[in-house]
Protein chains: 2
Amino acid sequence: MSFEKTSTVESLLGLLSLGPMSGYEMRQMMERSTANFWTESYGQIYPALKRMVKDGLATVEEQSKDGRAKKVYKLTGEGERRLRAWLGVEAKPQVHRNELLLKVFFGDQALRGAIAAQVVAERERCEEALERYEATVLRMEVEHARHPAMPYWRMAARCGMAHAKATIAWCDETFAELEKRGLVSKAKFY
Amino acid sequence: MSFEKTSTVESLLGLLSLGPMSGYEMRQMMERSTANFWTESYGQIYPALKRMVKDGLATVEEQSKDGRAKKVYKLTGEGERRLRAWLGVEAKPQVHRNELLLKVFFGDQALRGAIAAQVVAERERCEEALERYEATVLRMEVEHARHPAMPYWRMAARCGMAHAKATIAWCDETFAELEKRGLVSKAKFY
DNA sequence: TAGCACATGTAATAAGTTACATGATTTT
DNA sequence: AAAATCATGTAACTTATTACATGTGCTA
């Protein structure tokens, strides 16, 4: 069993494990559940679905619900096996590029206040992410309280939330240090 | 001033702000300093350097140190301005894909013990990252104690370390929960 | 009737890795 | 003498986003 470099196909298999659905619905579902740590564009989804059918990982059925045509995909046994196999393979360590850290690293070259502004902006982004996580979990708890996968959804969300919280703490600490060093441009923050 | 989607050129400008160097040396330097949050391959570096010279962001000088030829690049005023401008632009929020979280999210489909194993593996990766960060900072403190950029290098490292620590804590908490739910395959961990 | 959500797809472009090709020098 | 490191580069391939093209059905 060999896997591609990225997990586009597997993310779709995972969604199909929750029930048959169309490419459009997959995109939507990602937006409402995994958006904080995984998304796919239509440009990836539709070609991937074609490959999946060709490879026997899913089947298609053209449905015309209310005159509106859609292609509903369904996981095959082979698809399930493939998903399970992928879930058992250790993700190999990959560098996730972090533009903020790159900017901080070269911060000595920035105009006074620029890095402090980056830190403030990052803090805001993290607060937003945290809110998104909280809203997502809350909605899921309400809509799918008894779903067997719920504990896993909660675990995944908690990891993202832990990241966000740690980054917020770092932002505060770092902003304070920049302030102590006189590297915060007053005009912008008081 | 408009920027490309990624910061390959800017990462090279940043390195050149520390002093003139060759493409090979840039790669090496990244490996020894920003490897935890930013790397570039030669396939990116060499073409980018060509573009940079063409765009007036750097100049080249062919040097033959000890009979060995190399191209040493140097930042121009325009290159400096460009770097400073980039440092002042807020990074727009991007989803960084997290394969581990995707696997946890679909963990209900995994074989017993598989997700616990993923969590254990992630914990190890984070411990390693933490060690790399500590070693990097230590080496820098020794080699460049009085470098004006040192405070920024420390800040960047501390952010990465905070991430790693937060993830380790999440791993422990999550492993404990999986254990409580009987989702750890005994054979593998005792 | 205008606009939005539903629905599927492709083409162009961008971004990035890997493997290969080449050759010098230094270390083992 | 072999292997590793220094040094530059390109070609093939993979991955991903964005914009475009097309059309239906529902809602304001």
Side-chain angles (χ1 to χ4, degrees), chain A residues 2-12 15 20-32 34-35 37-54 58 60-73 91-99 102, chain B residues 2-12 15 20-32 34-35 37-54 58 60-73 91-99 102:
Chain A
S2 79
F3 295 96
E4 278 141 51
K5 237 150 250 169
T6 49
S7 307
T8 296
V9 165
E10 286 78 13
S11 70
L12 301 179
L15 289 173
M21 67 185 95
S22 68
Y24 188 84
E25 288 168 321
M26 290 181 206
R27 178 82 217 275
Q28 269 193 143
M29 213 173 233
M30 281 193 186
E31 221 56 55
R32 310 166 96 254
T34 64
F37 54 84
W38 203 272
T39 53
E40 298 284 351
S41 61
Y42 291 126
Q44 289 277 98
I45 292 173
Y46 287 118
L49 286 171
K50 257 189 190 168
R51 280 201 309 278
M52 284 160 63
V53 171
K54 203 191 70 191
V60 219
E61 199 196 331
E62 211 122 357
Q63 281 185 5
S64 48
K65 190 89 174 177
D66 314 311
R68 183 178 272 163
K70 68 173 168 177
K71 296 185 175 180
V72 176
Y73 293 82
K92 47 187 132 12
Q94 45 185 320
V95 183
H96 345 50
R97 284 180 159 194
N98 187 325
E99 203 181 307
L102 193 62
Chain B
S2 79
F3 296 96
E4 278 140 52
K5 237 149 251 171
T6 50
S7 307
T8 296
V9 165
E10 286 77 15
S11 70
L12 301 179
L15 289 173
M21 65 184 96
S22 68
Y24 188 83
E25 288 168 322
M26 291 182 206
R27 177 84 218 274
Q28 268 192 143
M29 212 172 233
M30 282 192 186
E31 221 57 55
R32 310 164 96 255
T34 63
F37 53 85
W38 203 273
T39 54
E40 297 284 353
S41 62
Y42 290 125
Q44 290 279 97
I45 292 173
Y46 287 117
L49 286 171
K50 257 189 191 170
R51 281 201 308 276
M52 284 159 64
V53 172
K54 204 190 69 193
V60 218
E61 200 195 330
E62 211 122 354
Q63 280 184 5
S64 48
K65 189 90 173 176
D66 316 311
R68 184 179 268 163
K70 68 173 167 177
K71 295 186 175 178
V72 176
Y73 292 83
K92 45 187 132 13
Q94 44 183 322
V95 183
H96 26 11
R97 285 179 158 195
N98 187 325
E99 203 182 307
L102 193 63

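Side chains included, hydrogens not; waters and symmetry mates left out as well; all remaining heavy atoms used. Chain identifiers are assigned alphabetically (A, B, ...) following the order of the sequence lines, protein sequences preceding nucleic acid strands; residue numbering begins at 1 within each chain.
Contacts of B/Arg27 with the nucleic acid, taken as non-hydrogen atoms under 4.0 Å apart, are absent. Here A/Gln94 lies out of heavy-atom contact (under 4.0 Å) with every strand. At a threshold of 4.0 angstrom between heavy atoms, the contacts of A/Glu4 are confined to the sugar-phosphate backbone, with no base atom among them. Among the protein residues, B/Gly43 comes within range of the nucleic acid bases, having at least one heavy atom under 4.0 Å from a base atom. Backbone-only contact: B/Thr6 has heavy atoms under 4.0 Å from sugar-phosphate atoms and none from a base. Nucleic acid contact class of B/Gln28 (heavy atoms, under 4.0 Å, all strands): sugar-phosphate only.
Picking from C/dA7, D/dT8, C/dT17 the nucleotide with the shortest atom distance to the side chain of B/Ser41 gives C/dT17. Of the candidates C/dG9, C/dA15, C/dC6, the closest approach to any side-chain atom of B/Gln44 belongs to C/dA15. The side chain of B/Lys50 sits closest to D/dG9 out of C/dA7, D/dG9, D/dT15. Checked against D/dT8, D/dT10, C/dA15, the side chain of B/Tyr24 finds its nearest nucleotide in D/dT8.
Remark: side-chain polar atoms of B/Arg97 are paired, donor with acceptor, to backbone N or O of A/Thr39 under 3.5 angstrom.
Spacing between atom OH of A/Tyr42 and atom C1' of C/dC6 amounts to 9 Å, rounded to whole angstrom units. Atom-to-atom, NZ of A/Lys71 to P of C/dG9 comes out at 3 Å; the value is rounded to the nearest Å. The CE-P distance, from B/Met26 to D/dT8, rounds to 9 Å in whole Å.
Regarding contacts with the backbone of D/dA16, a side-chain N or O of B/Arg97 is found under 4.0 angstrom from either OP1 or OP2.
Note: A/Tyr24 OH to A/Lys70 NZ = 10.5 Å, rounded to the nearest 0.5 Å.
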